[in-house]
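Here the structure is laid out as structure tokens; the discussion comes afterwards.
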Amino acid sequence: MKKKTLSLFGVGAVMAMSAAAMARLLNHDAIESKAAGTPYEVKQVVGVNGITNDGSWEGVEEAAMTGVNEGKLQFPSIDTRVFMKLTIHDDTHRADKERLEYTFTVGGKVQAQIGSIRGDWLQPNPRLDYGNCVQADFGYDESARMYTFVTGFEMGTDWEVGLIF
Amino acid sequence: MSVGFQDSGAEGEWGSGNANSFASDLVLAGEETSAIDVINVKGDVEGRTNLISWSNVAPHMITGANNGTIQFALIGTNFFFRLQMVDSTGVIDTDKVDFKIKVGDKSQCQFGNFDNWLPANGPKDYGEAVQTEMGYDAASSTYALVLGYGLKTDWVEGSLINFSIDYYDAGAIGGWGSGPVTSFSADLKLGSNVASDHGELYYVIDENDEIPATYRVVVEGGQVYLPTPVESITTDLRVDSSKGRVVKVVYPTDVTEIVLDNNAVLTTGAGKAYLGSEDKEGSAAKGAAIKFMMDVEEARKAVKASDTVQAGSICGIDQKTARTLYDRYAALEDKSLFATSVTKTYVDAGEGDVAYAAIMEQLGLIAGATVQGVFHLGNNRSNSIFMFTTIGVFAVAIIAASACVILRKKKEN
């Protein structure tokens with residue numbers, strides 16, 4: 001499967017960061033300002049009843065995360081819904097303590113959440129302009145020591161071929 | 001968009017620990033719909049799907065109370081779906097399936113069980129299924145359901161239809177339709193309506209052996225399927241009295257090899273004939289000759305079935321058909337099999353065999369139209385009318401001549 005790496009810093013650099021630098025890294029504005037390179041292409045996949053299932057993710061381009069943990073992201077679309085799947089390795093499984101944060105910015109709209117990866121706490125950060133998530137799946141594979149997180153939102157009439165966000 | 005994940009480690013508080021990040025622009029690419037493409041596949045000779053058909057179709061996962069897959073395919077304008085559902089407590093008459101196919105204003109709505117009961121559950125605009133297969137494999141705890149419907153003129157390439165299906169797992173003791181439901185619903189985009197192509201080959205089987213219902217086959221790309229239903233047809237034709245009956249095998253054109261029980265490999269593609277275990281290569285020329293004889297057999301059977309054949313005729317083919325067949329015979333590259341082949345005497349069934357040389361002799365005579373009265377067929381009524389009319393005219397002429405002679409003699413007296 002084709003992999004695409006879009007890194008902000010090398011792994012070594014991240015490991016050497018101070019706590020303050022890491023906190024800054026996770027700051028939405030700081031990350032967004034660093035976005036560069038060819039946009040990731042969000043392609044249509046087949047889901048079930050408008051949401052993804054395991055088969056939906058087969059063949060979807062993987063983008064590597066940068067950091068100590070080995071992680072990857074996938075972004076497909078089902079009609080006018082955009083989805084994200086995070087798969088990340090973590091030997092120390094404590095779902096309520098790991099911090100998860102994501103932000104989609106579409107023009108002036110923001111779809112962003114922050115919280116844990118346990119599933120019972122993931123709050124708007126600062127808002128969900130496209131409404132509640134149409135899918136929110138959390139999982140941890142003990143044998144692979146791997147978290148998975150799937151979310152998606154309905155972009156509605158804002159969805160348009162060629163839109164960069 | 002951006003994503004951050006911070007690993008708190010074994011003891012850290014929320015938001016502490018190693019940071020991982022991603023940031024990139026995303027662009028919405030490609031199609032504007034996620035509709036499933038329904039591709040055209042090759043089926044069997046009746047236009048139904050088989051295992052090879054489905055091997056070329058991507059399965060879509062169904063998850064819920066039960067897990068399974070669903071596939072969609074087209075053969076010509078017939079639409080097919082195949083549901084495979086894992087159910088550890090499969091009870092074929094209580095587990096319920098309920099599906100709806102919506103094509104424009106028409107719908108096909110049925111529900112039922114896996115025990116050959118699928119009544120209408122709403123409109124049934126496409127009538128009865130062109131293919132119905134259902135079963136439960138205890139070894140894999142999996143149901144398989146294949147249904148197909150003729151869309152006919154409602155098939156439009158690129159058009160969207162909607163498909164939804166619900167599966168209710170009744171468990172080990174629940175009543176029909178009880179238990180948790182697993183659902184699937186999607187728009188489907190219809191592909192092309194290319195009809196299936198098929199090839200034929202021939203091989204010889206011992207007189208008392210049964211024709212296998214399935215064969216091992218190899219398809220394009222080298223994948224082996226075991227066992228696969230491929231249509232095979234027994235015949236009365238024997239190309240040599242010592243070699244048993246000829247079997248015709250009809251296969252989808254993506255089958256490259258058919259493997260017999262004795263591990264003999266029959267290579268497809270050129271309509272070859274394999275005449276005995278020693279024949280490893282096969283012969284396309286002999287295959288063409290056998291195909292011709294098969295067509296003669298069909299013509300003879302058709303005449304026999306539709307009308308009586310005059311005693312003494314061992315060919316039993318009308319003149320027009322005979323001429324067409326004889327032209328083909330003349331063009332055959334290898335005619336050696338006609339000297340040794342025998343078949344049944346359809347005129348008087350059970351009276352034994354007839355040599356193909358004799359059949360061809362009569363076929364030639366009929367085709368030449370020189371002795372059509374001798375080999376007259378009951379269904380060739382125009383010839384009969386002509387013959388009786390001729391006899392009648394002659395009779396009237398003789399009577400008239402006789403009358404003239406009598407009157408002249410009376411005058412002379």
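Everything quoted here is computed from the prediction, not taken from an experiment. A note on names: the letters A, B, ... follow the listed sequences, proteins ahead of strands, and every chain is numbered from 1.
Between chain A and the residues B:A186, B:G9, B:S16, the most heavy-atom pairs under 4.5 angstrom are made by B:G9. Chain B forms the most heavy-atom pairs under 4.5 Å with one residue out of A:I117, A:V45, A:V82, and that residue is A:V45.
Nearest heavy-atom pair, B:L26 versus A:P39, reported as atom, atom and distance to 0.1 Å: C-CB, 4.2 Å. In terms of heavy-atom proximity, A:Y102 sits nearest to B:M1 at CB-CE, 4.4 Å. Here the closest non-hydrogen pair linking B:D25 and A:I164 is CB-CG2, 3.8 Å. Residues A:D96 and B:W14 come closest through the heavy atom pair O-CD1, 3.8 Å. Contact record, B:S24 with A:T38: OG-O, 4.2 Å, taken as the closest heavy-atom pair. Across B:L28 and A:M155, no two heavy atoms sit closer than the pair CD1-SD, 3.9 Å.
For B:I70, no part sits under 4.5 Å from any heavy atom of chain A, backbone or side chain. There is no contact between A:V106 and chain B, counting heavy-atom distances below 4.5 Å. Heavy atoms of A:V46 lying under 4.5 Å from chain B belong to its backbone as well as its side chain. When heavy atoms are compared at a cutoff of 4.5 Å, A:L100 approaches chain B by way of both its backbone and its side chain. Of the atoms belonging to A:E160, it is backbone heavy atoms, and not side-chain ones, that fall under 4.5 Å from chain B.
Using a 4.5 Å heavy-atom threshold, the side chains of B:Q6 and A:E98 count as separate. For the pair A:M65/B:V3, a side-chain contact is recorded, criterion being any heavy-atom separation below 4.5 Å from C-beta on.
Counted within 6.0 Å of NZ on B:K124, heavy atoms from surrounding residues, nucleotides or ligands total more than 12; the atom is thus considered enclosed.
Residues from residues 83-94 of chain A that place a non-hydrogen atom less than 4.5 Å from a non-hydrogen atom of chain B comprise A:M84, A:L86, A:I88, A:D90, A:T92, A:R94, given in numerical order. Contacts between residues 129-152 of chain A and chain B, counted as heavy-atom pairs separated by less than 4.5 Å, involve A:Y147.
Put simply, the side chain of A:N53 gets close to the backbone of B:M61: a donor and an acceptor are under 3.5 Å apart. Between the side chain of B:N20 and the backbone N or O of A:N69 there is at least one donor-acceptor pair closer than 3.5 Å.
With ring centers used as reference points, A:F75 lies under 6.0 Å from B:F22.
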